[in-house]
There are 4 protein chains.
Amino acid sequence: MPNESTPSGRTGRPRSAAADAAILAATRDALVELGWSKLTMGDVSARAGVAKTTLYRRWAGKNELVVDAVAELFDSLELPDRGCLEADVENVVLQFAALLRRPEARTALMAVVAESTRDPALRDRIRSAIVDRQKRLVVLGRERAQARGELPREPDEAVAERTTDLIFDVIAGTVVHRALVSSEPVDDLWAASFTALLMHGLRGSAGA
Amino acid sequence: MPNESTPSGRTGRPRSAAADAAILAATRDALVELGWSKLTMGDVSARAGVAKTTLYRRWAGKNELVVDAVAELFDSLELPDRGCLEADVENVVLQFAALLRRPEARTALMAVVAESTRDPALRDRIRSAIVDRQKRLVVLGRERAQARGELPREPDEAVAERTTDLIFDVIAGTVVHRALVSSEPVDDLWAASFTALLMHGLRGSAGA
Amino acid sequence: MPNESTPSGRTGRPRSAAADAAILAATRDALVELGWSKLTMGDVSARAGVAKTTLYRRWAGKNELVVDAVAELFDSLELPDRGCLEADVENVVLQFAALLRRPEARTALMAVVAESTRDPALRDRIRSAIVDRQKRLVVLGRERAQARGELPREPDEAVAERTTDLIFDVIAGTVVHRALVSSEPVDDLWAASFTALLMHGLRGSAGA
Amino acid sequence: MPNESTPSGRTGRPRSAAADAAILAATRDALVELGWSKLTMGDVSARAGVAKTTLYRRWAGKNELVVDAVAELFDSLELPDRGCLEADVENVVLQFAALLRRPEARTALMAVVAESTRDPALRDRIRSAIVDRQKRLVVLGRERAQARGELPREPDEAVAERTTDLIFDVIAGTVVHRALVSSEPVDDLWAASFTALLMHGLRGSAGA
DNA sequence: GATTAAACGAGACGGTACGTCCGGTCTTGTG
DNA sequence: CACAAGACCGGACGTACCGTCTCGTTTAATC
């Protein structure tokens, strides 16, 4: 995960595993203190107690480094069984909002996405390190709801995948937009409104 | 809009109005060619045939400049009456997706949002120049649907505003996430699926 | 003299004259403290209170900078009339030796000559800034000796120039070799021996 | 000669003798191709097919390595008996000039001398490896000339040594200065002029 | 023949300097 | 006063070498 292009040769001094961890931790610290745009490679290497060359030997640049540093934050998201689909959705929305309140996640996520618009390799990295990994939450939530009888089973595999993607984009996109673009708080009330909308649609009940 | 702190003095040579337009156009061109991160103030000033000092006299920095340069792109979004709510939603989704296919919008939008996580003034500028202006589309769509009887009228003004915000975040956020984070195409099929979900909710019909 | 390729454009802010002087002085200080090989451009710019870019705008690199910084040291050499040729020669030998005792001259002179073996432009710069300027001492000494009747007049101009060059190489080369290669002191005794040899040749008198 | 501090332990794998030769040859090659300042230890080790550690085990640094690599070039100088002192001097001048036309000698000699101005150990190494070894030429030439009756015998040993040193500095210094500082060719004509001056002194004959 | 201890290749490591680029400010002269 | 031009200070960039350090692998001399 951490490195760039492993030389895989078995001769020579092996790369320090401790350095990887120190660098990623230093990167997160620097993101908290400085934010994306003022984070510098030199500063990260200094914080990690590591030479700049060591850093560049493993990551091609700031973008790749930050994606890896931030990706694992998303692994903390969980989906405990709250008994019904509404509660599960509301819970994951609030968890995600809490994550987006962390300064390192706020500043880094949008920045790497912005950079990725011009860099296909970075785009792939984001997808594999963040997006695809968190789709597990949607998959799990759907299976659970289907087991409860709250949602019908998908007969077709391809349709199931497209639905997973759609739900993921709706939930993640809406929360990110609320939190970072509209800059409004994601609180319990809003989470309930959003969950209701997601459950019943615009025409469903009152609409709010 | 363009300037930073109006000098308001009535004496001396007045600022060139042509310069503003040239600078914003140059900024958009540079965004297309270079993307956000490689765009430089010096380059913009050179493209615009303007001295760097002239540029800094009007905008405080790259962030402010790019917000202004990009904001007006969003004004091109329209909401022609397609006869029913589904069609109106689907249309605005596809329009927004087309906008996000423009390189200057792709690269700039996420970048300024990323910067805004650490800069309240920039956050406000984004909100007033982009977010709030485009909420008109939701307001208009809702009013039209209510006139058609597709949606109930909101008795309470505050609730109406919260609903507007929510719908805006859902639509804009989901499309942005699909296009820029998941990096998947927003085509007619997807737009239809998303619209269906938005109309009827997860429990509504088939769920896709 | 100081700069590299004067832009000669008359618009824009003119280059600071004070910066040139500060840079050359800083260079000499750094040579004294650090010697040629540990002198860095960054250190010079810091000592001079000047940005690195300012330094590179005027000199192409360390070599060119040091030649200019050191060249003017050689202008301190003088040739007061001591009454006879022997005394004049002995005096200039001792002056040159004193100059080569200065750390900045010692370390810089040989270093730039070493670099010049691979850089024709630097070779020319050394010749014009140092070598040719100091030949004046030989020319003056010869004229004075000829006036005194100690040396015959040269009928041919070309021969005169070749003789000037030869004498210059003998005196300067011998002193430099004694001081820097053989690493032996150039004291009064040695200066007298050398002068005697130069006057009368190996076969002349005792030979020492 | 090659190594730094002999380990003298009698057990363990002995140092490869072939490596020494390969390293010195690689150093000379690199000097020819790159010159002193662009020669790097890593490059030398790669050319020699040797690890950097092997190189550093034997030489303390670039300076020491280059002195050793270049010193033996000077051993090629010889003093065949040309029948008279003038001819012998002229011959050695031309030989030395030919040596200074070799790029590895040109670039290395001045560079190590420059470095030696700040490094007494290097100064000693140059003196013992180069200077003192070549004084044999002066000693031999003097003895031969004395045997021919061209020069008087020195009664005093100390005076003899001082004279040897002086003549060495005059010849070596002048040729080096002509070739490397003044950057003028050392051809037959110049060699004859210099020899004449050395024989008869400024007052001797015509002076050129 | 087994042991042993150093030399060896490979290459990662913490540093330092490089020369370039950009950000933002300032100082000219001109309009 | 605005403006074009461009010099200025500061600071980060990504690269190149430095000299050191770990690795696993030879290679002789000693046992």
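Hydrogens, waters and symmetry mates are skipped; everything else that's a heavy atom, side chains included, is used. Letters A, B, ... are given to chains in the order of the sequence lines, protein chains preceding strands, and every chain is numbered from 1.
With contacts defined as side-chain heavy-atom distances shorter than 4.5 Å, the pair Asp20(D)/Trp59(D) qualifies. A 4.5 Å side-chain heavy-atom check between Arg58(B) and Thr54(B) finds at least one atom pair inside the cut-off. Side-chain atoms of Glu115(C) and Trp36(C), non-hydrogen and from C-beta on, do get closer than 4.5 Å to each other. Contact of the Val112(A) side chain with the Val70(A) side chain is not registered, since no non-hydrogen atoms from C-beta on lie closer than 4.5 Å.
Rounded to whole Å, the distance from CG on Leu55(B) to P on dG6(F) is 17 Å. Between Asn63(C) atom CG and dG19(E) atom C1' the separation is 14 Å, expressed in whole Å. Put simply, NZ on Lys38(A) is 15 Å from C1' on dC22(E), counting in whole angstrom units. Atom CD of Glu64(B) is separated from atom P of dG23(E) by 13 Å (rounded to the nearest Å). The nearest whole Å value for the distance from the OH atom in Tyr56(A) to the C1' atom in dC17(F) is 17 Å. The interatomic distance linking Arg15(A) (CZ) with dA10(E) (C1') rounds to 13 Å, in whole Å. Distance CZ (Arg58(B)) to C1' (dG24(E)): 17 Å, rounded to an integer number of Å. Atom CG of Leu65(A) is separated from atom P of dC13(F) by 11 Å (rounded to the nearest Å).
Residues satisfying the side-chain hydrogen bond (donor to acceptor under 3.5 Å, both in side chains) test with Arg123(A), not counting sequence neighbours, are none. Contacts of Lys38(C) classified as side-chain contact (heavy atoms from CB on, under 4.5 Å), with partners at least two apart in sequence or in another chain: Leu34(C). In this structure Arg47(B) satisfies the salt bridge (Lys or Arg N to Asp or Glu O under 4.0 Å) test together with Glu33(B), Asp43(B), sequence neighbours excluded.
Note on Arg125(C) versus Asp119(C): no salt bridge recorded, every NZ/NE/NH1/NH2 to OD/OE distance being 4.0 Å or above.
Along DNA chain E, the nucleotide nearest Lys62(C) and the nucleotide nearest Pro14(A) are compared for position; the residue whose nucleotide lies closer to the 5' end is Pro14(A). Of the residues near DNA chain E, Asp43(B) and Ser16(A), the one whose nearest nucleotide (by heavy atom distance) lies more toward the 5' end is Ser16(A). In terms of position along DNA chain F, the nucleotide closest to Ala17(C) lies nearer the 5' end than the nucleotide closest to the other residue of the pair Leu39(D) and Ala17(C).
Taking the screw axis at each terminus of the helix from dG1(E)-dC31(F) to dG31(E)-dC1(F) from five consecutive base pairs, the angle between the two is 10° to within rounding of 10 degrees.
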Got a list of side-chain donor-acceptor pairs under 3.5 Å for residues 23-30 of chain C, not counting sequence neighbours?
residue: Thr27(C); atom: OG1; partner: Ile23(C); partner atom: O; Å: 2.7
residue: Arg28(C); atom: NH1; partner: Ala69(C); partner atom: O; Å: 2.7
residue: Arg28(C); atom: NH1; partner: Glu72(C); partner atom: OE2; Å: 3.3

Measure all distances between protein nitrogen or oxygen atoms and nitrogen or oxygen atoms of nucleotides 14-16 of chain E, and list the pairs falling under 3.5 Å.
residue: dG14(E); atom: OP1; partner: Gly49(A); partner atom: O; Å: 3.4
residue: dG14(E); atom: OP2; partner: Ala51(A); partner atom: N; Å: 3.0
residue: dG14(E); atom: OP2; partner: Thr54(A); partner atom: OG1; Å: 2.7

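With hydrogens and angles left out, the side chain of Arg13(A) and the base of dC13(E) share no donor-acceptor pair within 3.5 Å.
The side chain of Met41(D) sits closest to dG19(F) out of dA5(F), dG19(F), dA7(F).
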